[in-house]
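As the structure lists them, so they are numbered: ligands from 1, and atoms in each ligand from 1.
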Amino acid sequence: MSKSAIHPDQVRDYRLLMQRWHDLVKGLHGIELSIFGEAGGYPLMVVETENWNPKAPSIYLSAGIHGDEPAPVEALISWAEESLKKKPLYSWNWQIFPCLNPWGLERNIRFDAEGRDLNRCYQSRKVPQVSDQLRWMKRRSFDAAVTLHEDYDARGFYLYEIAAARPHWGESLCREIDAVMNTDPRHKIDGHSARNGLIRRRITPTLMKGHPEAFLLHFCHAKRTFTLETPSEGCLSDRVLLHRKFIQEIVKKVKLSVASPSKTATLRQEI
Ligand SMILES: [Zn+2]
């Protein structure tokens, strides 16, 4: 995985992003790109496995729900261009939302064209693009779900792990990626206790008004849910690299967890 200079304008060009995903999917057997809705005049993409195989690992990935967080959007496409065609990944079950707020991405604005924070709308049925996305996700279940974000207040990267399946992966995931970027040293992040960049949360359906995407994934779709945050003011190439490395580590963990019991035991000892 190489680190190269990335121009911010390139990252914000949604037409170019769609083209890259189209070009990638053209060469992938069994993975297709669909338009699942429209928002602010932009078509919304989902890239997913055509015929879901219940025996194969399954992963959900999303980026760009906040338009002023470009690194995850670039990281997702550049990771996919490098990795998705490789064996055995193309035969896994994927549901990927490459950019959930293209209107915001092109304008460097957190909110959508109607001024909504889409990541507080997953309980609402009045936001068409969220309802369209939820319909697309219906009956899908994932070994791991990852939502990729950035934060202007962050002083390094940090990771939310919603506590569900054990052994937890949060600590070792942070260790695997902290060579790329330091963890956020704060002990309180966004009002939550943090340790070495990790925030492990137990959540209830009434905890947060409006529901972020990660809550919905946790309650309805995923065994494990992670939200990675990189510092918005950091070097763009480093932020992209960190998100890519994180996706790679998630893939490794999922691969191990569905492999032999002995490997799972090793993982358990590690944590
Ligand atoms: Zn965000």
Side-chain angles (χ1 to χ4, degrees), residues 6 8 11-12 14 17 39-40 42 44-45 60-77 79 96-124 127 129-130 133-134 137 144-162 170 173-174 177 181 183-184 186 188-192 194 197-201 203 207-218 222 225-236 238-247 250:
I6 298 164
V11 177
R12 298 198 175 284
Y14 188 65
L17 182 73
Y42 293 84
L44 299 169
M45 296 179 271
Y60 173 102
L61 301 168
S62 82
I65 196 168
H66 293 139
D68 56 351
E69 300 173 9
V73 176
E74 173 61 27
L76 201 43
I77 179 62
W79 166 80
I96 302 172
F97 292 94
C99 180
L100 287 167
N101 180 10
W103 185 92
L105 180 80
E106 289 216 328
R107 290 160 181 79
N108 194 25
I109 292 174
R110 177 181 177 91
F111 307 106
D112 77 345
E114 314 294 321
R116 293 174 291 222
D117 182 338
L118 294 172
N119 205 30
R120 297 291 179 273
C121 294
Y122 278 78
Q123 225 168 22
S124 169
V127 182
Q129 67 264 49
V130 172
Q133 187 192 357
L134 296 184
M137 291 163 66
V146 175
T147 67
L148 301 171
H149 283 257
E150 302 205 83
D151 179 356
Y152 281 95
D153 295 325
R155 297 173 197 172
F157 81 83
Y158 63 91
L159 177 68
Y160 286 104
E161 176 175 29
I162 298 183
L173 281 169
C174 286
I177 62 173
M181 184 185 289
T183 54
D184 192 316
R186 292 174 293 167
K188 269 263 190 271
I189 298 175
D190 236 2
H192 308 293
L198 176 66
I199 303 165
R200 182 170 291 121
R201 297 190 67 187
I203 58 172
L207 197 65
M208 189 179 276
K209 202 176 158 221
H211 254 55
E213 181 191 13
F215 282 25
L216 185 275
L217 285 161
H218 171 69
T225 303
F226 299 93
T227 298
L228 180 67
E229 304 265 1
T230 44
S232 308
E233 309 282 1
C235 162
L236 179 60
D238 288 346
R239 287 144 56 202
V240 169
L241 196 62
L242 188 89
H243 283 282
R244 282 178 61 172
K245 175 83 173 146
F246 184 74
I247 300 169
I250 285 286

Across all chains, not counting sequence neighbours, the ring pair (Phe, Tyr, Trp, His ring centres under 6.0 Å) partners of Tyr42 are Tyr14
Less than 3.5 Å apart, any donor N or O on the side chain of [X] or [Y] sitting next to an acceptor on the other?
| X | Y | answer |
| --- | --- | --- |
| Ser232 | Glu150 | no |
| Thr147 | Thr227 | yes |
| Tyr158 | Asp151 | yes |

Below 2.8 Å of the Zn ion (ligand 1), tally up the protein N/O/S atoms for me. 4
When the aromatic ring centroids of Phe157 and Phe246 are compared, is their separation below 6.0 Å? no
Using a strict threshold of under 4.0 Å (side-chain N to carboxylate O), is an ion pair present between Arg200 and Glu161? yes
